[in-house]
Amino acid sequence: MTLAARDLSVANRLTDVFLDLHSGEITAICGPNGAGKSTLLQVLAGLIEPVGGTVCLNEQPLAGIAPRERARAIGYLPQTPEIAWDVPVRRLVELGRMPHGDARSGPVEAALAALDLTHLAGRRTQSLSGGETARVLLARVLAAEPRWILADEPLAALDLAHQLALLHHLRAAADAGAGVVLVLHDLALAMNHADRVVVLDGGRVAADGRCEDALDHRVIERVWNVGARWVGDPGQRALIVT
Amino acid sequence: MTRPVPVLLAALAIAVPLSLLAGRVWVDPWSGPNAALILGELRLPRAVLALVVGAGLGGAGAAMQGYLRNPLADPGLFGIAPGAALGAVAALWFGHAVSAWLLPLCALIGAGGAMALLALIAGRSGGIALFTLAGLMVASLAGALTALAISLAPNAFAMETIVMWLNGALTDRGWPEVWLAAPLVLAGVGLLRAAGPALDALTLGEAVARSLGMNPRRLLWLLVLGTGLTVGAVTAVAGIIGFVGLIVPHLVRPLTDQRPSQLIVPSALAGALLVLAADSLVRVLPLMTELRLGIALSLLGAPFFLGLLLKMRRGAL
């Protein structure tokens, strides 16, 4: 299954973006502030209509797919968390089942367990810490069992242990056939945990490919304007900024 | 059924018979045929109308607060009540209020006009910000035209009638008003209830709600029609009655799991209870003339609103 961007343009934010994303992979979208990462994710999720170009899900234009069908296929987690009402954790995670029109307990319990939230299921969301809230919001995405998981900075509010646990779970989802697309600021996390990296700069694709190629120190120097080198073995690399 | 529903139904089962007995003169229902006439033809329709009015305002308030994700939202802000009031004022201005049906019908036409304007401006995009601004614009326009009508009233009597009507009351209302408003309010609350799942999704913000398959245009239409029918019908038969839509969802919210869908029916029931109690209160107050229901609820609502603002300032809301 593929999620493809064909010649995407969004006024002042994205220009001529071509991408072919594959299920079973974790793709990291990286780039400096204002590069268009969140915009690209929202266009891929069908939430922003591009000025030019199309997004296709399995060769079918996203704009032509019914909203509920699209919602069953693509789960989206925004960068800025928003919970307007102090609902219990379980009820919030159940919202993920809305595209399916059910509140099946199986996927909800599985999502709660995957993010170590079972013991918090009865708590009100406003009593949670920032990290717990971030996990609850991600559990809502997982409860829908989407074929594509599009998450904008899902690790930003998590402590180290929960970052690794979440990445482990996303890897399991990808191994089970889901496509995972993450906006990541931490280049080391992208290098060590993604299968593929797309680097955006000024709304254009600056690099796209295997992590070692797309996050090569020359790309980092050109896009982020900092000198950098990778140390360590594959899968355990650390970035030294010079 | 959610938890507060049985409690509210039980409270209504107690409040309705009490309100039938209450008034400037307390009526013994077994005292003779006059008592039966007073209860059946005066107090019962008034009590039923209070239930209908409160249910409409409470349900619409809960839906609006869910839609705007703002606990300070009130259905009156969105131009439908001012639109209905303008229609009614036009009927009074032209002296067409002689028929029991004409004034509420004109008010419903006014509410329909406000709904059409709202839908025309915001219906295509379905955006919440545009809807709010469109509502404020419609409310402002209808308010200005109502003020113009009052200032140009043909005589002092017409002006007094308009001002009194605008203050909102259930005095001298009967079964015709009940038959007019009840089906519309029921249909309106039904439409708002149908919007419940989409309102729940909006808890997580507009973008996430759309990613969950929420159709913003369908939701906006459900809300415009639902609020239009409830608030339009209520204003048509009772005039402007404020604060119920604001206060009631606040009182009920702590009794629910706070999902907007779970708040609409309990708010309708609690609104019915509040308006019934307030209307019974204005009847028994020992004043020269009966206190207008709209004024009484505003007097109750203003300090409540202030309390909410203070709570919000402390960050507890």
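Throughout, a chain's letter reflects where its sequence line sits, starting with A, and its residues are numbered from 1.
Among Pro81(A), Pro146(A), Ala84(A), the residue with the largest count of heavy-atom pairs under 4.5 Å with chain B is Ala84(A). Here Pro88(A) is the residue among Ala45(A), Gly46(A), Pro88(A), Ala66(A) with the most heavy-atom pairs under 4.5 Å with chain B. With respect to chain B, the highest number of heavy-atom pairs below 4.5 Å among Arg68(A), Arg124(A), Gln42(A) belongs to Arg124(A). Among the candidates Ser211(B), Gly66(B), Ala209(B), the residue making the largest number of heavy-atom pairs closer than 4.5 Å to chain A is Ser211(B).
Contact between Ala198(B) and Met98(A) at its shortest, heavy atoms only, is CA-CE, 4.2 Å. Across all their heavy atoms, Gly213(B) and Ala71(A) have their closest contact at N-CB, 3.5 Å. Shortest non-hydrogen contact noted between Gly96(A) and Leu212(B) is CA-CD2, 4.1 Å.
Once rounded to the nearest 0.5 Å, the distance linking OG1 of Thr203(B) with CZ of Arg91(A) reads 13.0 Å. In this structure, CG in Leu199(B) is found 10.0 Å from CH2 in Trp85(A), a value given to the nearest 0.5 Å. Atom CZ of residue Arg90(A) and atom CG of residue Asp257(B) lie 12.5 Å apart, to the nearest 0.5 angstrom. The CD atom of Glu82(A) lies 9.0 Å from the CG atom of Leu202(B); values are rounded to the nearest 0.5 Å. Summarising the geometry, atom CD belonging to Glu206(B) is positioned 10.5 Å from atom CG belonging to Leu47(A); distances are rounded to the nearest 0.5 Å.
There is no contact between Leu150(A) and chain B, counting heavy-atom distances below 4.5 Å. At a 4.5 Å heavy-atom cutoff, the contact between Arg140(A) and chain B is made by side-chain atoms alone. If you measure heavy-atom distances from Leu95(A) to chain B, the contacts under 4.5 Å come from both the backbone and the side chain. Residue contact with chain B, scored on non-hydrogen atoms closer than 4.5 Å, involves the side chain of Arg70(A) exclusively. Neither the backbone nor the side chain of Arg72(A) has a heavy atom closer than 4.5 Å to any heavy atom of chain B.
Taking a 6.0 Å sphere around NE2 of His168(A), one finds it holds 12 or fewer heavy atoms contributed by other residues, nucleotides or ligands. By the neighbour-count criterion of 12 heavy atoms within 6.0 Å, atom CG of Asp175(A) is densely surrounded, having more than that number from other residues, nucleotides or ligands. Annotation: Arg218(B), atom CZ; neighbour count of heavy atoms from other residues, nucleotides and ligands within 6.0 Å does not exceed 12. Counting non-hydrogen atoms of other residues, nucleotides and ligands closer than 6.0 Å to CD of Glu25(A) gives a total above 12.
Under the 3.5 Å distance criterion, the side-chain polar atoms of Gln258(B) are matched with a main-chain donor or acceptor of Asp86(A).
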